[in-house]
Amino acid sequence: MTKRVAFRNARLIDPAAKLDVKGGLLVENGRIADVGARLFNDADANDPEIIDCKGMVLAPGLIDMRVFTGEPGSEHRETLESASLAAAAGGVTTIVVMPNTDPVIDEPSLVDFIRRRAQATAKVRVLPMAALTKNLGGEVMTEIGLLTEAGAVAFGDGDRTISNTRVLRRALSYAATFGVLVIGHAEDPDLSQGASVTEGEFAMRLGLPAAPAAAEAIIVERDIRLVEMTGVRYHFGQISTRASLDAIAAAKQRGLPITCGVAAHNLALNELDVGAYLTFMKVKPPLRSEADRAAMLEGVGSGLIDVIVSGHDPQAADTKRQPFAQAAFGAVGLETLLPVALGLVHDGGASLSHVLQTLTAAPARILQRNSGTLAKGAPADLVLIDTNDAFTVREGDLRSRARNTPFEGRSFHGRAHKTFVGGECVFERRAKR
Amino acid sequence: MTPARADTLLKSSHLLGIEALSVGEITALLDLADTYVALSRSASKKTDLLKGRTLINLFFEPSTRTQSSFELAGKRLGADVLNMAVRTSSVSKGETLIDTATTLNAMRPDILVVRHQDSGAAELLSRKLDCCVVNAGDGSHEHPTQALLDALTIRRRGRKFEGLVVAICGDVLHSRVARSNLHLLLKMGARVRLVAPRTLLPGDAERFGVEVFHDMKKGLEGVDVVMMLRLQLERMTGAFVPSTREYFRFYGLDADKLKAAKPGALVMHPGPMNRGVEIDSAVADDIEVSVIQEQVEMGVAIRMAVLDALSRGLAREGRNAP
């Protein structure tokens, strides 16, 4: 029997189709069967289950291209299941999980493990990324062909930069053979060794070990040269400085197959937020100067930055309750990704449709998926967004196993109200008590 | 340098590579080799053409099959053959290549067959020695007798070079066999495809006038000849390709991939084979398609032809006179 769900009275936003209209949407067997302004205007559909959207925004579910979990190896930090619960609550219907686990995802059988585990436990779609070098060692390339066949959607060493240029050149060249996507991390490992914040006056006052912001652009510029040589499809996972953005702008101008992302925390916070050694502000890339943060906002607005990611990196309390220099890097972000992004709309930096594009159509295009759109036939991965929902982040409300949010106590305007994956409701926000 | 000799089979007094040969020279060598195939198949395999001549096999890299092939070729032509494995002697004592050359020169050989790990080594020796030099493989540069024996094998299987489509598959980047074959096949009017991952191809491979494929099935589509290359062990484990199992999955010749080639396509391999790495045993041992054993036989005939051709110049010049 065909399972049908009708959404009516929605503000439909589909950035992929440049659509922003009031109307309805029909889901049949987990796929979008129809969409349009006149659909269900008269509420005449009597057989399907009807969801009244009450004028809220109905958009494609978010695709988060950068999520770390602790599965396998450190499940106390996060499992695929707990990450998926946080994702669903954040309106995220697809997560790309990083290979930085224990063991590292560098073997076809481990890609298979992630896929099976996700199928059995996760509420949202999980796309495994595989390491580009074995054991993230930066020396020996992984079996890119076999890993792709096993289901890896992209390759990269997560939050590690491959410092050996010869190794990287060959790995990129080999990756280009198979036409796969490489997601790189730009942070010169030697310049940033031991550093916990970005270099500058504030770091000097705090007396914290710091790395120059140029540590990022140096690698960005190097990798652009290698992309030029090898022709590989290359995505900078997270950039955070104006210099990086300028280099990428020039590379895009030259027609190179390069895209880039920015982490929500680099859009919303700057180096001063570290304040009195708040370790939850110790993240990668580090929080930058206000000028660099402004450049990131500008980049999203202009479209030069293709995607916004959460950079979700759950850390247990004991690794954060440490002197700043010894504390772990990372912040959870799945549940705050959409609220932070909507902040750009409220501040006038970008239209709602444009911001949603960086979270749906753009990542889908880069990952070559057929989701991230409301087009007929696409999977019914949807988020119903209440743009009027004002709230304050409380770590106790988070679904993630780890609570290391840098946004504790901050107020936002707008978040996911309901989330659907393949037409099934995976999250519904309960009314406030 | 020895002046060009218009009336002999080869213009040069050395065989350093295919690149410098003309179509006429290649054809003449193949024709001559045909006669040595016949001789080698007869009961009395020996002639006294090179009687009194000294042939030195100077191998800086170990090679069983090329060295024995040259040795046999020399002996069948009646020459005195001396095998020198240099890895175990002079080099370990600090002798340079030039020193070795001068020493050998004093021994007055007529023909020197040299295999060396460095590209250009045969060329260097040819400038320092008074005898004929045959390149039996220099680094990643050329291995002319291999390309000639491959051509002989193809021709004796009734294939015409003009318009023939040949896929050269595997480690083209490091392969002297690939380079020599490339030159020969293109000179003879064949169309050449290179099939390999990007890491095993030179950067501007297309500039050679070949078609480049990264997908083996597409690369083999409709080809007349599949030439497999050997993947060196040290290149299998991470630097150029991630693993042997991945290489075999995507670039190893098996029955499934071979289906893309023209029915009756020839399968060739210069040997020694890495079974289960670049070629599946089922294909390598299939006498319907594999001409790998024939290649070995043609190797001796080609080397006899080369030694014969070069020695004609020697005789006329009356070299080695005091």
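All values below come from the heavy atoms of this structure, side chains included, with hydrogens, waters and symmetry mates left out. Every value quoted in this text rests on a predicted model; they were computed, and no experiment measured them. Note on naming: letters A, B, ... go to the chains in the order of the sequence lines (proteins, then strands), and numbering restarts at 1 for each one.
- For the residue pair B/P197 and A/T177, the shortest heavy atom distance occurs at CA-CG2, 3.6 Å.
- For the atom pair A/M141 CE and B/T199 OG1, the distance stands at 5.0 Å (nearest 0.5 Å).
- For B/R191, the CZ atom sits in a loose shell: 12 or fewer heavy atoms of surrounding residues, nucleotides or ligands are nearer than 6.0 Å.
- From B/S243, atom OG reaches atom NZ of A/K134 across 5.5 Å, with rounding to the nearest 0.5 Å.
- A/T133 does not touch chain B: none of its heavy atoms, backbone or side chain, sits under 4.5 Å away.
- Summarising the local packing, CD of B/E211 is surrounded by more than 12 heavy atoms from other residues, nucleotides or ligands at distances under 6.0 Å.
- A salt bridge does not link A/E149 with B/R245: every distance from a Lys NZ or Arg NE/NH1/NH2 to an Asp or Glu carboxylate oxygen is 4.0 Å or more.
- Note that CG of A/L146 and CZ of B/F250 are 5.0 Å apart. Values are rounded to the nearest 0.5 Å.
- The environment of CZ in A/R254 is crowded: more than 12 heavy-atom neighbours from other residues, nucleotides or ligands sit within 6.0 Å.
- A 6.0 Å sphere centred on CD of B/E206 holds more than 12 heavy atoms belonging to other residues, nucleotides or ligands.
- Other residues, nucleotides and ligands contribute more than 12 heavy atoms inside 6.0 Å of the CD atom of A/E228.
- Considering B/H214, B/R198, B/E246 in turn, B/E246 is the only one that fulfils the side-chain hydrogen bond (donor to acceptor under 3.5 Å, both in side chains) rule with A/Y174.
- Contact of B/Y251 with chain A is made through the side chain alone, with heavy-atom distances under 4.5 Å.
- For the pair A/E143 and B/R249, the salt-bridge criterion is not met [side-chain N within less than 4.0 Å of a carboxylate O].
- Within a 6.0 Å radius of CZ in A/R222, more than 12 heavy atoms belonging to other residues, nucleotides or ligands are found.
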